[in-house]
Amino acid sequence: MSRIAVLVADLFEDSEYLEPVRAFKEAEHEVVHVGLEANGIVKGKKQRTAVRVRIPVGKASPDDFEALLIPGGYSPDELRGEEEAVAFARDFVKSGKPVFAICHAPQLLITADILKGRKVTGWKSIIQDIKNAGGEYIDQQVVKDGNLISSREPRDLPAFIAASLEILEGRQEGDKDECNT
């Protein structure tokens with residue numbers, strides 16, 4: 001069982017949170033909500049899904065988790081304005097542990113300045129931002145580049161979830177140092 005940090009702020013894309021979290025829990029992984037304020041409630045942008053933040057990002061460490069999920073929506077844009085969230089995302093990517101980023105999530109990774117030379121996908125409106133950050137945009141359902149797993153949009157969720165679970169299962173089998181990609 002892996003402990004997965006879900007980095008989230010207000011107006012996240014509901015399905016990009018709900019579906020992966022459901023799949024992770026069904027696979028018996030622990031999901032921990034990390035956000036800007038402990039015990040704060042953040043809500044999804046369409047369905048207004050309410051999520052209680054358990055750990056403030058300033059007190060979270062990649063050492064405490066095996067993977068990171070960053071749902072899209074407007075949440076990544078809000079998080080990228082907070083240095084502690086940017087540092088957490090940067091440190092997580094640099095840790096070599098899996099980072100699952102969907103839709104607008106690469107906005108946070110752009111601000112964390114860790115996309116240079118990386119293959120990534122995301123929502124169509126941030127393609128140029130990814131390229132400007134030195135990333136190589138790939139128009140596919142799922143793009144795996146080392147520990148970074150990314151998808152474009154909600155309709156890619158089945159492939160995104162399958163790839164994420166595959167990575168987590170590989171890590172459970174004792175591969176703690178690198179992603180099986």
Side-chain angles (χ1 to χ4, degrees), residues 1-115 120 122-123 125-126 129-130 133 147-154 156-157 160-161 164-165 167-168 171:
M1 177 167 98
S2 294
R3 190 169 193 235
I4 303 167
V6 180
L7 186 55
V8 66
D10 268 326
L11 302 175
F12 57 89
E13 184 69 46
D14 297 83
S15 63
E16 295 169 1
Y17 162 81
L18 289 169
E19 293 182 36
V21 166
R22 183 179 309 119
F24 294 155
K25 287 180 177 180
E26 286 174 0
E28 300 185 359
H29 298 291
E30 179 185 1
V31 172
V32 179
H33 300 111
V34 177
L36 300 178
E37 186 178 317
N39 294 316
I41 303 287
V42 296
K43 293 187 178 179
K45 72 176 194 170
K46 291 182 182 171
Q47 299 170 6
R48 304 299 290 160
T49 302
V51 173
R52 182 177 299 279
V53 171
R54 184 165 154 203
I55 300 174
V57 71
K59 295 191 182 219
S61 168
D63 295 338
D64 298 331
F65 304 97
E66 283 74 49
L68 171 63
L69 168 65
I70 308 169
Y74 296 115
S75 173
D77 195 40
E78 182 176 343
L79 291 166
R80 74 193 303 195
E82 302 294 331
E83 183 49 44
E84 290 174 330
V86 172
F88 181 71
R90 179 185 309 116
D91 293 346
F92 221 106
V93 172
K94 288 183 176 182
S95 77
K97 296 177 183 181
V99 175
F100 310 127
I102 185 164
C103 201
H104 284 82
Q107 288 179 311
L108 179 59
L109 304 178
I110 288 165
T111 303
D113 197 26
I114 50 81
L115 288 186
V120 66
W123 184 247
S125 68
I126 65 168
D129 300 326
I130 290 168
N147 64 323
L148 181 58
I149 294 80
S150 58
S151 281
R152 301 171 297 193
E153 59 184 291
D156 294 339
L157 278 164
F160 178 71
I161 291 167
S164 300
L165 289 171
I167 296 297
L168 291 170
R171 292 186 66 77

Taking all non-hydrogen atoms of both residues, which atom of Val53 and which atom of Val34 are closest, and how far apart? CG1-C, 4.0 Å
With a 4.0 Å cut-off, would you call Lys45 and Glu78 a salt bridge? no
Using 0.5 Å steps for rounding, measure from the CZ atom of Arg90 to the CG atom of Leu108. 9.5 Å
Using a 6.0 Å cut-off, check whether atom CG of Asp64 has over 12 heavy atoms from anything other than its own residue. yes
Interatomic spacing from CZ in Arg48 to NZ in Lys43 - rounded to 0.5 Å: 5.5 Å
Reported CD-to-CH2 distance for the pair Gln107 and Trp123, which is rounded to 0.5 angstrom: 12.0 Å
Here the gap from Ile167 atom CD1 to Lys97 atom NZ, rounded to the nearest 0.5 Å, amounts to 15.0 Å
Are the side chain of Asp14 and the backbone N or O of Gln47 linked by a donor-acceptor pair below 3.5 Å? yes
Where does the angle between the aromatic ring planes of His29 and Phe24 fall among parallel (under 30°), tilted (30 to 60°) and perpendicular (over 60°)? perpendicular
Given the rule in the side-chain contact (heavy atoms from CB on, under 4.5 Å) test, do Arg52 and His33 qualify, once you have shown the distances and angles that lead to the verdict? CA-CA 7 Å; Arg52 182 177 299 279; His33 300 111; 5.9 Å; no
Close side-chain approach of Leu148 to Leu115, heavy-atom, < 4.5 Å: yes
Could you tell me the separation between the CD1 atom of Ile70 and the OG atom of Ser75, rounded to the nearest 0.5 Å? 9.0 Å
Glu37 atom CD, neighbour heavy-atom count above 12 within 6.0 Å: no
Ala38: partners by side-chain contact (heavy atoms from CB on, under 4.5 Å), with sequence neighbours left out: Pro56
Nearest heavy-atom approach of Ala50 to Ile41 is CB-CG2, 4.0 Å
Evaluate side-chain contact (heavy atoms from CB on, under 4.5 Å) for Cys103 paired with Glu13, printing each intermediate quantity in order. CA-CA 9 Å; Cys103 201; Glu13 184 69 46; 5.7 Å; no
For a quick test of reading the model, state the closest non-hydrogen atom pair linking Leu157 to Ser15 and the distance between them. CD1-O, 3.5 Å
Trace of the side-chain contact (heavy atoms from CB on, under 4.5 Å) decision for Val42 with Tyr17: CA-CA 12 Å; Val42 296; Tyr17 162 81; over 6 Å; no
Shortest non-hydrogen contact from Ala105 toward Pro71: CB-O, 4.3 Å
Rounded to the nearest 0.5 Å, the CG atom of Asp91 sits from the OG atom of Ser61 at a distance of 7.5 Å
Which residues pass the ring pair (Phe, Tyr, Trp, His ring centres under 6.0 Å) test with Phe88, not counting sequence neighbours? Phe92
Mind checking what makes side-chain contact (heavy atoms from CB on, under 4.5 Å) contact with Glu84, not counting sequence neighbours? Val57
Show, in sequence, the C-alpha distance, side-chain angles and deciding distance for Phe12 and Leu79, and conclude whether the side-chain contact (heavy atoms from CB on, under 4.5 Å) test is met. CA-CA 11 Å; Phe12 57 89; Leu79 291 166; over 6 Å; no
